[in-house]
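See below for the structure under consideration.
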Amino acid sequence: MNQPTSGLRGLPVSDIFTRACDGDRRAIGRVLSIAERGGTDSIELGELAHKLTGNAHVVGITGAPGAGKSTLTGRLAATLAASGRRVAVLAIDPSSPVTGGAILGDRIRMDEHNYGTGTFIRSMATRGQGGGLAVAVPAAIRILDAVGFEIVIVETVGVGQIEIDIAGTADTTAIVVTPGWGDAVQANKAGLLELADVFVVNKADRPGASDSRRDLELMLDLSDTSEWRPDIVLTVGTEGDGVDDLITELARHRQHLADAGQLEARRRRRAQHELRVRAGDALANRLKDALNSAEGQSIITAMASGGASPASSLDRLLDELYPN
Ligand SMILES: Nc1nc2c(ncn2[C@@H]2O[C@H](COP(=O)(O)OP(=O)(O)OP(=O)(O)O)[C@@H](O)[C@H]2O)c(=O)[nH]1
Ligand SMILES: [Mg+2]
């Protein structure tokens, strides 16, 4: 527990990873930082981790700001941990830099909720180069899976395409709404309803929770639920009411995925999304180099002066990008 950070300093990546697999929290934190930073260490880490993945149940918790996602995630994690499950939480902050107030605020708030001793919590923010969260989140999930967490909960605010993409690549996605018609409608507009495997009406201690349930049932009646009909769970995050029902529902969905052969399909979707983002990064870097090269500059000059057509300039540029 109180192992000094210096205990890891200078250790090869493979040793830190081994310690992480043994449950050393500092080592887990360190391997996540290595993955986030990118570079050669992260490539080595990726080679070690990927072979050990495929066991964790990845649960996305998403919904409007202030819906009670963190409170609920805390309860969920603590309850799972109390029953002996190894749980990790990735709390994604979409906008603020890593040093920003929101991250710190969330972290303190989460600690206050006492996630239980079996829980590992990590906040992540949009930053760095390239694909940012779209690359960093799957990488972190893979590591948490590899080091032996059975359940990885990813909390995102359900606004913005990146967050929605992240939520959509979980094995099981829970959409959190609060009482009142507006929330469900907003969630619908944001494209969140299609992603839902479980609906949570949190703050069910407030008036209107049963109306929200009815609204959601009506929306579900209008959509295709032949494969799976999401259940609607009422919770009071602050009290823990309904959390056991939510756990049951998450497990039921996971079982459905396994029975229907869908676990594989979801993982393929996650891999495809991540590959697309990574490829986009790699190609963009290559293109930048090609345009900055002497040949690239000459292609630009020729096209700008009217000496070469756009199509022939593109051909030349592609030759520069992919010499055969
Ligand atoms: N009355 C009531 N309040 C709740 C409930 N769950 C959470 N809250 C309160 O709602 C507020 C927001 O809760 P958070 O858990 O921070 O919500 P969040 O969705 O994580 O918020 P962001 O991460 O900022 O989007 C806090 O003041 C909570 O105490 C609930 O079931 N009932
Ligand atoms: Mg939160």
Side-chain angles (χ1 to χ4, degrees), residues 59-81 87-116 119-127 133 137 140 152-167 170 173-193 195-196 198-213 216 232-247 249-250:
V59 174
I61 304 271
T62 196
K69 299 177 296 297
S70 296
T71 309
L72 203 58
T73 299
R75 288 282 180 175
L76 191 61
T79 307
L80 287 164
V87 189
V89 175
L90 275 181
I92 313 297
D93 190 298
S95 49
S96 59
V98 113
T99 49
I103 284 289
L104 199 57
D106 227 16
R107 187 171 279 165
I108 288 166
R109 220 189 285 155
M110 292 172 96
D111 284 348
E112 276 173 359
H113 282 295
N114 184 12
Y115 272 42
T119 307
F120 180 89
I121 306 155
R122 175 82 168 198
S123 294
M124 290 180 90
T126 314
R127 61 162 187 173
L133 283 180
V137 172
V152 178
I153 304 175
V154 184
E155 179 197 333
T156 55
V157 178
V159 288
Q161 193 55 47
I162 291 171
E163 291 72 37
I164 290 173
D165 285 347
I166 291 169
T173 301
I175 304 294
V176 183
V177 300
T178 51
W181 168 245
D183 230 25
V185 171
Q186 280 311 116
N188 197 6
K189 275 197 198 144
L192 288 178
L193 291 202
L195 291 179
V198 181
F199 282 110
V200 180
V201 180
N202 189 44
K203 307 198 183 182
D205 53 324
R206 294 193 177 165
S210 52
D211 293 341
S212 294
R213 184 207 287 270
L216 289 168
I232 300 164
V233 180
L234 269 54
T235 60
V236 182
T238 40
E239 305 297 324
D241 298 358
V243 168
D244 286 338
D245 294 341
L246 178 55
I247 289 172
E249 234 5 73
L250 296 174

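Counting starts at 1 for both ligands and their atoms, following the listed order.
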So for Glu239, does at least one of its heavy atoms come nearer than 4.0 angstrom to any atom of ligand 1? no
Counting heavy atoms only, name the option from Asp241, Leu234, Ile61, Thr238 that's nearest to atom 4 (C) of ligand 1. Thr238
Is a side-chain donor or acceptor of Thr62 paired with a backbone partner of Thr156 at a separation under 3.5 angstrom? yes
I'd like to check which ligand 1 atoms, numbered from 1 as shown, lie under 4.0 Å from a non-hydrogen atom of Pro65. 25 (O)
Atoms of ligand 1 less than 4.0 Å from Asn202 heavy atoms? 5 (C), 6 (N), 7 (C), 31 (O)
Is the closest N or O pair between Gly237 and ligand 1 shorter than 3.5 Å? yes
Measuring to the Mg ion (ligand 2), does Thr71 have an N/O/S atom at a distance below 2.8 Å? no
What distance separates Arg75 CZ from Asp244 CG, expressed to the nearest 0.5 Å? 11.0 Å
In ligand 1, which numbered atoms sit nearer than 4.0 Å to a non-hydrogen atom of Thr71? 7 (C), 13 (O), 14 (P), 15 (O), 28 (C)
What is the minimum heavy-atom distance between Gly208 and Pro179, and which atoms define it? C-CB, 3.8 Å
Polar-atom distance check: Gly66 versus ligand 1, any N or O pair below 3.5 Å? yes
Partner residues of Ala204 under the side-chain contact (heavy atoms from CB on, under 4.5 Å) criterion, sequence neighbours left out: Ala209, Leu234, Val236
With side-chain hydrogen bond (donor to acceptor under 3.5 Å, both in side chains) as the test, would you mind laying out the steps for Thr235 and Asn202 before giving the verdict? CA-CA 5 Å; Thr235 60; Asn202 189 44; 2.8 Å; yes
Of all N, O or S atoms in Glu155, which has the smallest distance to the Mg ion (ligand 2)? OE2
Taking the side chain as everything from C-beta on, heavy atoms only, tell me whether Leu246 gets closer than 4.5 Å to Thr79. no
So is Val236 polar-close to ligand 1, meaning N/O to N/O under 3.5 Å? no
Classify the contact between Asp205 and ligand 1 as side chain, backbone, both or neither, using a heavy-atom distance cut-off of under 4.0 Å. side chain
Which atom pair, heavy atoms only, marks the closest approach of Thr178 to Val201? C-CG1, 4.5 Å
Exercise: identify the closest heavy-atom pair between Val233 and Glu249: CG2-CG, 3.9 Å
Of Arg75, Lys203, Glu155, the one whose closest heavy atom lies nearest atom 8 (N) of ligand 1 is Lys203
